[in-house]
A.B. asks: 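The structure that follows is given in the form of structure tokens.
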Amino acid sequence: MIVVYSSKSGSSKAYAEALASRIGCGCFPIDGGIPDGEQIVFFGWMRGIDIVGIRGIDRKRLKAVCVVALDEAGRFESNKPKVLDRNSVSVPVFYMRGWIDRSKLNVFDKTILLAVSVMMKLKGLNEFNRPIFDAMMEGGSFYDESQLDAVERFCKPSVA
Ligand SMILES: Cc1cc2nc3c(=O)[nH]c(=O)nc-3n(C[C@H](O)[C@H](O)[C@H](O)COP(=O)(O)O)c2cc1C
């Protein structure tokens, strides 16, 4: 098994490297040359309903997908069927919340975030969505490696 990731601002990369270290396997960026053969646990960041980078992964080798995003897990769950369908994923999916480092984003990314933030504000901010709004506008982190526990158990069933 190997871990492969796509990452714009670094949190998917950090999760991917942490999982690879926990289960003792190689970790490779999607655009860095993926070795042939072994099954892949893919980490990809979420943009709208796209799991960025997953199109480049051979579905026959895909063992699990870790989606890294900002939204609350419950909101991802309600969108999950649409996301899986859109990204042609039929293996187990694990969701984890990452970070936004705005210094790594281009104008296009920032424009999308601005549009999403405006929509959120129009719909109304509350104690639940305000931290996400703030992270999109100013940067912020929900990174927490305990969110890897479930995928670690899946990859290495002997872990208690
Ligand atoms: C252009 C853009 C669109 C995004 N769309 C979503 C989204 O639809 N839902 C969500 O929860 N997070 C969204 N995010 C947040 C990222 O998925 C999140 O910050 C993730 O942790 C980034 O991973 P990375 O640090 O590996 O790049 C978006 C971020 C950007 C820059």
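Indexing begins at 1, ligand by ligand and atom by atom, following the structure's order. Just so you know, residue 1 is the first one in the sequence shown, and it goes up from there.
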A.B. asks: List the atom of Gly124, the atom of Asn129, and the distance in Å for their closest heavy-atom pair.
C.D. replies: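 Minimum heavy-atom contact is O-ND2, 3.1 Å.
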A.B. asks: Can you name the atoms of ligand 1, numbered from 1 with element, that are less than 4.0 Å from a heavy atom of Gly48?
C.D. replies: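 Those of ligand 1 that fall under 4.0 Å from Gly48 are 5 (N), 6 (C), 7 (C), 8 (O).
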A.B. asks: Which residue holds the protein heavy atom closest to atom 13 (C) of ligand 1, what is that atom called, and what is the gap in Å?
C.D. replies: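 Minimum-distance protein heavy atom for atom 13 (C) of ligand 1 reads Met46 O, 3.4 Å.
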A.B. asks: Is Leu113 touching ligand 1 with its side chain, its backbone, both, or neither, if touching means heavy atoms under 4.0 Å apart?
C.D. replies: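 The answer is the side chain.
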A.B. asks: Hey, looking at atom 23 (O) of ligand 1, which of Tyr5, Trp45, Phe108 has the closest heavy atom?
C.D. replies: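 When every heavy atom of Tyr5, Trp45, Phe108 is considered, Trp45 comes closest to atom 23 (O) of ligand 1.
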A.B. asks: When only distance counts, is Ser7 in polar contact with ligand 1, meaning an N/O pair under 3.5 Å?
C.D. replies: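 There is such a contact, yes.
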A.B. asks: For atom 11 (O) of ligand 1, what is the closest protein heavy atom, and at what distance to 0.1 Å?
C.D. replies: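 Here the closest protein heavy atom is Asp71 N, 2.9 Å.
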A.B. asks: Quick one: which ligand 1 atoms are inside 4.0 Å of a heavy atom on Ile100?
C.D. replies: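 Result: 19 (O).
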A.B. asks: Enumerate the atoms of ligand 1 whose separation from the nearest heavy atom of Ser12 is less than 4.0 angstrom.
C.D. replies: 23 (O), 24 (P), 25 (O), 26 (O)
A.B. asks: Please list, in number order, the atoms of ligand 1 under 4.0 Å from a heavy atom of Ser9.
C.D. replies: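 Reading through ligand 1 atom by atom, the close ones are 24 (P), 25 (O), 27 (O).
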A.B. asks: Does the pair Asp58/Arg61 count as a salt bridge with the N-to-O cut at 4.0 Å?
C.D. replies: no
A.B. asks: For the backbone of Pro81 and the side chain of Asp85, can you confirm whether one donor and one acceptor N or O come within less than 3.5 Å of each other?
C.D. replies: no
A.B. asks: Applying side-chain contact (heavy atoms from CB on, under 4.5 Å) to Leu114 and Met137, what does each step give before you reach the verdict?
C.D. replies: CA-CA 7 Å; Leu114 181 62; Met137 296 304 289; 3.9 Å; yes
A.B. asks: Among all protein heavy atoms in this structure, tell me which lies nearest to atom 15 (C) of ligand 1, with the distance rounded to 0.1 Å.
C.D. replies: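 Here the nearest protein heavy atom works out to Leu70 CG, 3.6 Å.
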A.B. asks: Specify the closest pair of heavy atoms between Ser7 and Tyr5, including all atoms of both residues, with the distance to one decimal.
C.D. replies: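 Result for this residue pair: CB-CD1, 4.0 Å.
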A.B. asks: Going by distance only, is there an N or O of Lys13 that falls short of 3.5 Å from an N or O of ligand 1?
C.D. replies: no
A.B. asks: Could you check atom 3 (C) of ligand 1 against the protein and tell me its nearest heavy-atom contact, residue, atom and distance included?
C.D. replies: Arg47 CG, 3.5 Å
A.B. asks: So which atom in Ala64 and which in Phe94 form the shortest heavy-atom distance, rounded to 0.1 Å?
C.D. replies: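 Taking Ala64 first and Phe94 second, the nearest heavy atoms are CB-CE1, 4.1 Å.
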A.B. asks: So is Trp99 polar-close to ligand 1, meaning N/O to N/O under 3.5 Å?
C.D. replies: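 N/O-N/O distance under 3.5 Å: yes.
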A.B. asks: Do Tyr95 and Glu77 have side-chain atoms, one donor and one acceptor, less than 3.5 Å apart?
C.D. replies: no
A.B. asks: Looking only at non-hydrogen atoms, find the nearest pair between Ser12 and Trp45 and report the distance.
C.D. replies: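 Closest approach of Ser12 to Trp45, heavy atoms only: OG-CB, 3.6 Å.
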A.B. asks: For salt bridge (Lys or Arg N to Asp or Glu O under 4.0 Å), just list the numbers for Asp144 and Arg97, CA-CA rounded to whole Å, side-chain angles, deciding distance to a tenth of an Å, and then say yes or no.
C.D. replies: CA-CA 8 Å; Asp144 174 358; Arg97 300 179 81 189; over 6 Å; no
A.B. asks: Would you check the N or O atoms of Gly10, main chain and side chain alike, for any that come under 3.5 Å of an N or O of ligand 1?
C.D. replies: yes
A.B. asks: Looking only at non-hydrogen atoms, find the nearest pair between Leu105 and Lys110 and report the distance.
C.D. replies: O-CE, 3.8 Å
A.B. asks: Could you list which atoms of ligand 1 come closer than 4.0 Å to a heavy atom of Lys8?
C.D. replies: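 Contacts of ligand 1 toward Lys8, numbered from 1: 24 (P), 26 (O), 27 (O).
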A.B. asks: Which of the atoms of ligand 1 are close to Val68, meaning less than 4.0 Å from one of its heavy atoms?
C.D. replies: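 Listed by number with element, the hits are 17 (O), 20 (C), 21 (O).
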A.B. asks: Please find the pair of heavy atoms, one from Arg59 and one from Ser88, that lie closest to each other, and give the distance.
C.D. replies: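 Closest heavy-atom pair between Arg59 and Ser88: NE-O, 2.9 Å.
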A.B. asks: Which ligand 1 atoms does Gly98 reach within 4.0 Å, using its non-hydrogen atoms?
C.D. replies: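 Near Gly98, the atoms of ligand 1 are 21 (O).
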